[in-house]
Trainee: 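Before I ask anything, let me first share the structure, which is written out below as structure tokens.
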Amino acid sequence: MASTDKLPTRAENFADWYVELIQRAKLADYSDVKGCMVIRPNGYAIWENMQRALDGMFKETGHVNAYFPLLIPEEYLNREKEHVEGFKPQLAVVGYAGGAPLEPGQRYVIRPTSETIINRSFAKWIQSYRDLPLLINQWANVMRWEMRTRLFLRTTEFLWQEGHTCHETEGEAQDETLKMLEVYRRFAEDYMAMPVLCGQKTESEKFPGAVRTYSIEAMMQDKKALQAGTSHMLGQNFAKMFETQFQGRDGKQHFAWQTSWGVSTRLIGALILTHSDDAGLVVPPKLAAQHAVIIVIGKTPEERAKVKERAAALAADLNQNGVRTIVDDDESKMPGFKYYEYDLRGMCLRIELGPKDLEKNQCVLARRDQRQADGKAVKQFLQLAETVAKAKEALDDMQKSLLEKAKAFRAANTFEVNSYDEMKAKADAGFLLAHWNGDAKVEARIKEETGLTTRNRPFDLKQEPGKCVVTGEPSPGRIVFSKAY
RNA sequence: CGGGGCGUAGCGCAGUCUGGUAGCGCGCCUGCCUUGGGCGCAGGAGGUCGCAGGUUCGAAUCCUGUCGCCCCGACCA
């Protein structure tokens with residue numbers, strides 16, 4: 001709870017800092033179920049804001065929401081060879097129900113993703129090219145039995161959205177795949193203030209069952225990469241296995257061209273690892289549950305009554321102007337205690353209001369992302385009359401400045417490397433842009449020897465031929481290598 | 001699955017070696033007091049010591065078994 005111990009610093013122990021921060025900021029708890037977490041109201045509020053923004057963007061691009069069953073007949077998974085091989089080790093299977101064991105042919109898996117069961121429906125829904133495109137999204141929980149879990153970043157059960165679409169032509173499906181990747185990029189940058197690299201995954205890193213996988217990749221504060229979202233061009237792989245067909249303009253039957261794409265509650269982990277500091281959580285205003293807290297200060301009951309009244313009026317004014325504000329007039333806690341607490345919880349703005357301020361018609365504003373060398377907030381005095389305008393300005397500026405800061409960090413930790421020795425030396429330095437011959441065996445060897453994996457081949461990284469850092473063989477262009485979550 | 005750690009009050013821990021009927025800090029409740037970066041004092045509530053057997057007059061402590069969680073590696077969003 002409100003422990004007065006300091007958080008471990010990022011420099012001391014990054015992993016501990018992350019876990020402690022989550023628990024102290026009341027974002028999540030461990031549960032009694034191995035690998036599963038409880039998302040607490042403070043954490044869920046961020047997810048709700050993410051959902052709202054993303055859902056709006058999906059609707060704008062023509063998608064509609066639906067819901068499919070949690071349980072998938074085991075046999076469905078087996079139909080697509082790559083798909084089942086990719087997911088088999090992670091499946092939880094229901095083998096007992098209704099008070100009796102289920103026969104092997106009757107067993108269900110808890111969805112690890114829904115391509116298969118959704119295709120069963122798609123096959124029924126689609127008759128003609130006139131039924132296309134079919135643009136569906138689902139908000140759901142999924143389960144993947146992980147060997148090793150980490151709060152938000154990898155848990156056995158997690159929440160996500162999965163888009164599933166059907167198209168008449170390969171080209172349309174490909175366009176959709178890239179369109180949704182771009183939606184994710186916009187969301188990451190505009191809402192999360194998190195810069196990402198958009199690009200294609202290698203063969204070995206692609207989604208099991210997809211033709212091609214694209215991802216958005218972000219750099220965390222420990223310089224490790226985090227895959228923050230994926231968009232898959234599925235081709236006709238699932239359509240063929242589930243007979244998702246339509247009669248085309250030529251009168252003949254064709255298999256649908258499909259895509260799927262998803263982001264999960266992992267984004268909350270990404271948000272924490274991108275912006276938070278040694279004082280606790282930092283959340284971009286667009287995703288923050290609350291924007292501002294007004295701390296009521298006063299010695300005597302008379303003073304406090306006056307300040308409370310003014311604070312309530314100011315809060316009402318702020319709320320009417322889109323600054324989500326709460327008033328804290330709890331008398332049992334010292335103001336200083338509250339400052340630490342709201343810093344920890346990631347409140348964007350803190351407004352201090354006391355008797356001295358009322359005399360001067362002012363208040364004190366502190367921005368969560370602006371700290372002095374001693375770690376305490378930079379404070380500025382504002383006239384009460386200008387507070388709403390200044391608060392809005394501060395939030396806008398904070399949103400922008402978090403993105404700029406993250407961009408600068410990524411730029412400072414991205415390097416071109418031109419030899420395998422250089423790559424090994426810089427293995428923990430961040431994103432490494434290196435030439436690679438495209439051979440999966442070489443990719444596996446690099447992973448084995450250095451811990452570095454290919455993240456993606458960014459669209460905006462100019463592809464110029466070169467020599468593979470390992471074999472010296474021709475390379476079509478540089479690809480991003482990094483340690484990853 | 002391999003290696004390590006831990007299960008005692010809501011949280012963090014001591015007590016276990018050397019058995020004697022459970023304690024500390026924080027938090028929580030009540031009252032007084034206090035309020036611009038973690039106030040203070042006084043009183044109080046709260047635990048079948050992970051679970052199951054066993055040894056013993058007596059087990060948090062010894063023995064056997066068992067369950068669970070966390071961390072580090074191999075699998076993955």
Side-chain angles (χ1 to χ4, degrees), chain A residues 1-6 13 15-16 19-20 23-24 26 29-37 85-91 112-113 142-162 184 201 204-208 213 215-218 225-232 260-270 279 295-301 303-304 307 328-344 350-358 362-364 366 371-372 374-379 381 447-448 451 453 484-485:
Chain A
M1 284 274 288
S3 168
T4 54
D5 296 339
K6 289 220 165 59
N13 190 331
D16 281 355
V19 170
E20 286 257 338
Q23 294 182 96
R24 294 210 206 168
K26 298 182 182 167
D29 263 348
Y30 287 105
S31 79
D32 290 339
V33 184
K34 183 181 167 60
C36 291
M37 65 190 291
E85 277 173 13
F87 281 108
K88 197 128 220 176
Q90 293 183 278
L91 295 179
T113 180
V142 289
M143 185 164 268
R144 298 181 185 176
W145 217 262
E146 298 289 349
M147 289 169 170
R148 208 158 120 42
T149 57
R150 233 164 190 267
L151 291 174
F152 287 115
L153 299 175
R154 177 163 297 106
T155 47
T156 295
E157 180 186 7
F158 57 94
L159 306 182
W160 79 344
Q161 77 36 234
E162 45 181 326
Y184 289 156
K201 296 295 252 186
S204 64
E205 295 276 341
K206 80 172 170 54
F207 176 76
T213 289
S215 69
I216 52 170
E217 302 279 337
L226 185 89
Q227 178 173 301
T230 48
S231 186
H232 317 292
S260 70
W261 27 274
V263 295
S264 71
T265 37
R266 166 179 258 203
L267 290 179
I268 299 171
I295 308 283
V296 171
I297 298 163
K299 261 188 209 159
T300 66
E303 274 178 356
R304 280 199 300 272
V307 175
D328 187 338
D329 59 1
D330 182 353
E331 291 171 24
S332 70
K333 303 229 168 21
M334 306 288 281
F337 180 91
K338 296 178 183 178
Y339 301 167
Y340 280 99
E341 203 63 15
Y342 286 110
D343 281 352
L344 179 63
R350 183 179 74 235
I351 295 169
E352 300 167 18
L353 193 63
K356 293 179 208 164
D357 297 313
L358 287 194
Q362 67 176 24
C363 66
V364 174
R371 324 288 292 178
Q372 300 170 352
D374 63 4
K376 287 175 186 166
V378 175
K379 298 185 180 188
F381 293 95
K447 183 178 178 184
E448 172 77 25
T453 53
Y485 275 96

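Lettering follows sequence order; numbering is per chain, from 1.
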Trainee: Rounded to whole angstroms, how far apart are CE on A:Met147 and C1' on B:C70?
Mentor: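 Answer to the nearest Å: 18 Å.
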
Trainee: Before accepting this row, confirm whether a basic side-chain N of the pair A:Glu352/A:Lys379 lies closer than 4.0 Å to the acidic partner's carboxylate O.
Mentor: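 The answer is yes: the pair qualifies as a salt bridge.
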
Trainee: Can you measure A:Lys88 atom NZ to B:C75 atom C1' for me and round it to whole angstrom units?
Mentor: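 In whole Å, B:C75 C1' and A:Lys88 NZ are 16 Å from each other.
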
Trainee: Starting at OH of A:Tyr184 and ending at P of B:A77, how long is that distance when rounded to a whole Å?
Mentor: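 That distance rounds to 14 Å.
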
Trainee: Regarding A:Lys299, tell me which of base, sugar-phosphate or nothing describes its non-hydrogen contacts under 4.0 Å with the strands shown.
Mentor: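 A:Lys299: base contact, heavy atoms under 4.0 Å.
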
Trainee: Where the side chain of A:Tyr340 is defined as all heavy atoms beyond and including C-beta, which of B:G37, B:C28, B:A77 is the nearest nucleotide?
Mentor: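 The answer is B:G37, which lies nearest to the side chain.
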
Trainee: Could you tell me how far B:G31 sits from B:C71 if I compare only their C1' atoms? Round to whole Å.
Mentor: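 Straight-line distance between the two C1' atoms is 45 Å.
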
Trainee: With the side chain of A:Met334 defined as its heavy atoms from C-beta on, choose the nearest nucleotide among B:U34, B:G37, B:C75.
Mentor: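 Minimum distance to the A:Met334 side chain belongs to B:U34.
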
Trainee: What does A:Glu352 touch in the nucleic acid at a heavy-atom separation under 4.0 angstrom: a base, only the sugar-phosphate, or nothing?
Mentor: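 Contact class for A:Glu352: base.
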
Trainee: If we call it a pair only when both distances are under 3.5 Å in a Watson-Crick or G-U wobble match, what pairs with B:G73?
Mentor: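 Pair assignment: B:G73 / B:C1.
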
Trainee: Hey, is A:Lys201 close enough to A:Glu217 for a salt bridge, meaning N to O under 4.0 Å?
Mentor: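 Judged by the 4.0 Å cut-off on N to carboxylate O distance, A:Lys201 and A:Glu217 do form a salt bridge.
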
Trainee: Considering only side-chain heavy atoms of A:Lys447, which listed nucleotide, B:C75, B:A77, B:G37, is closest?
Mentor: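 Shortest atom-to-atom distance from the side chain points to B:C75.
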
Trainee: For A:Asp330 and B:U34, what is the distance between atoms CG and C1' respectively, to the nearest whole Å?
Mentor: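 It is 13 Å, rounded to the nearest whole Å.
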
Trainee: Who is the Watson-Crick or G-U wobble partner of B:U64, with both distances under 3.5 Å?
Mentor: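 Looking at the geometry, B:U64 pairs with B:A52.
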
Trainee: Which nucleotide, B:G36, B:C69, B:A77, lies nearest any side-chain atom of A:Pro335?
Mentor: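 For A:Pro335, the side-chain atoms sit closest to B:G36.
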
Trainee: With heavy atoms under 4.0 Å as the rule, sort A:Lys379 into base, sugar-phosphate or nothing.
Mentor: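 Touches a base.
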
Trainee: Given B:G37, B:G38, B:C75, identify the nucleotide with an atom nearest to the side chain of A:Glu146.
Mentor: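 That would be B:C75.
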
Trainee: Mark yes or no: A:Arg350 above the aromatic ring of A:Tyr339, with NZ or CZ under 6.0 Å from the six-membered ring centre and no more than 45 degrees from the axis.
Mentor: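 Yes, a cation-pi geometry.
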
Trainee: Applying a 3.5 Å limit to both distances, which nucleotide forms a Watson-Crick or G-U wobble pair with B:C32?
Mentor: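 Paired with B:C32, as far as the under-3.5 Å criterion goes, is B:G40.
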
Trainee: For B:C6, does either OP1 or OP2 sit under 4.0 Å from a side-chain N or O belonging to A:Tyr30?
Mentor: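 For B:C6, OP1/OP2 do not have a side-chain N/O of A:Tyr30 under 4.0 Å.
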
Trainee: Name the residue closer to the 5' end of RNA chain B, choosing between A:Ser264 and A:Cys363 according to the nucleotide with the nearest heavy atom.
Mentor: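 Of the two residues, A:Cys363 wins.
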
Trainee: Counting only Watson-Crick pairs (N1-N3 plus N6-O4 or O6-N4) and G-U wobbles (N1-O2, O6-N3), all under 3.5 Å, who is the partner of B:A9?
Mentor: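 Its partner is none (no Watson-Crick or G-U wobble pair with both distances under 3.5 Å).
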
Trainee: Classify the angle between the aromatic ring planes of A:His232 and A:Phe207 as parallel (below 30°), tilted (30 to 60°) or perpendicular (above 60°).
Mentor: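 Parallel: the ring planes of A:His232 and A:Phe207 meet at under 30°.
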
Trainee: Between A:Lys206 and A:Gly375, who's closer to the 5' end of RNA chain B by nearest nucleotide?
Mentor: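 It is A:Gly375 whose nearest nucleotide is closer to the 5' end.
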
Trainee: Can you check the A:Asp16 CG to B:C72 P distance for me, whole Å?
Mentor: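 Checked: the CG to P distance equals 9 Å.
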
Trainee: By nearest atom, which of the nucleotides B:C39, B:A77, B:C72 is closest to the A:Arg150 side chain?
Mentor: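 My answer, after comparing the listed nucleotides, is B:C72.
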
Trainee: Using a 4.0 Å heavy-atom cut-off, does A:Leu226 contact any base of the nucleic acid, only the sugar-phosphate backbone, or nothing at all?
Mentor: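 Touches nothing.
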
Trainee: Counting any heavy atom closer than 4.0 Å, what does A:Ala228 reach on the DNA or RNA strands: base, sugar-phosphate only, or nothing?
Mentor: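 A:Ala228: no heavy atom of the nucleic acid under 4.0 Å.
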
Trainee: I need the OH-C1' distance between A:Tyr485 and B:A77, as an integer number of Å.
Mentor: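 It is 15 Å, rounded to the nearest whole Å.
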
Trainee: Determine the contact category for A:Thr230: base if any of its heavy atoms lies under 4.0 Å from a base atom, sugar-phosphate if only primed atoms, P, OP1 or OP2 are that close, otherwise nothing.
Mentor: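 Result for A:Thr230 = nothing.
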
Trainee: Is there a side-chain polar atom (N or O) of A:Arg148 under 4.0 Å from OP1 or OP2 of B:A74?
Mentor: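 False: A:Arg148 side-chain N/O out of range (4.0 Å or more) of B:A74 OP1/OP2.
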
Trainee: Can you check whether any acceptor in the base of B:G37 is under 3.5 Å from a donor in the side chain of A:Arg350, or vice versa?
Mentor: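 Answer yes: a donor N or O sits under 3.5 Å from an acceptor.
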
Trainee: For A:Val364, answer base if it contacts any base atom (sugar-phosphate contacts may also be present), sugar-phosphate if it contacts only those atoms, and nothing otherwise; contact means non-hydrogen atoms under 4.0 Å.
Mentor: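 Base contact.
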
Trainee: Would you give the length of the straight line joining atom CG of A:Leu151 to atom OG1 of A:Thr265, rounded to the nearest 0.5 angstrom?
Mentor: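 The CG atom of A:Leu151 sits 11.0 Å away from the OG1 atom of A:Thr265.
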
Trainee: Which nucleotide in the set B:G36, B:C71, B:C28 lies at the smallest distance from any side-chain heavy atom of A:Ile297?
Mentor: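 Of B:G36, B:C71, B:C28, B:G36 is nearest to the side chain of A:Ile297.
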
Trainee: Going by 5.5 Å between centroids and 30° between planes, is there a stack of A:Tyr339 over B:G37?
Mentor: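 The ring of A:Tyr339 is not stacked on B:G37.
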
Trainee: So for atom CD, which belongs to A:Glu448, do other residues, nucleotides or ligands contribute more than 12 heavy atoms lying within a distance under 6.0 Å?
Mentor: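 At most 12 heavy atoms, drawn from other residues, nucleotides or ligands, come within 6.0 Å of this atom.
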
Trainee: May I ask you to say what A:Thr155 touches in the nucleic acid, namely base, sugar-phosphate or nothing, with a heavy-atom cut-off under 4.0 Å?
Mentor: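 Base: the residue A:Thr155, judged by heavy atoms under 4.0 Å, touches a nucleobase.
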
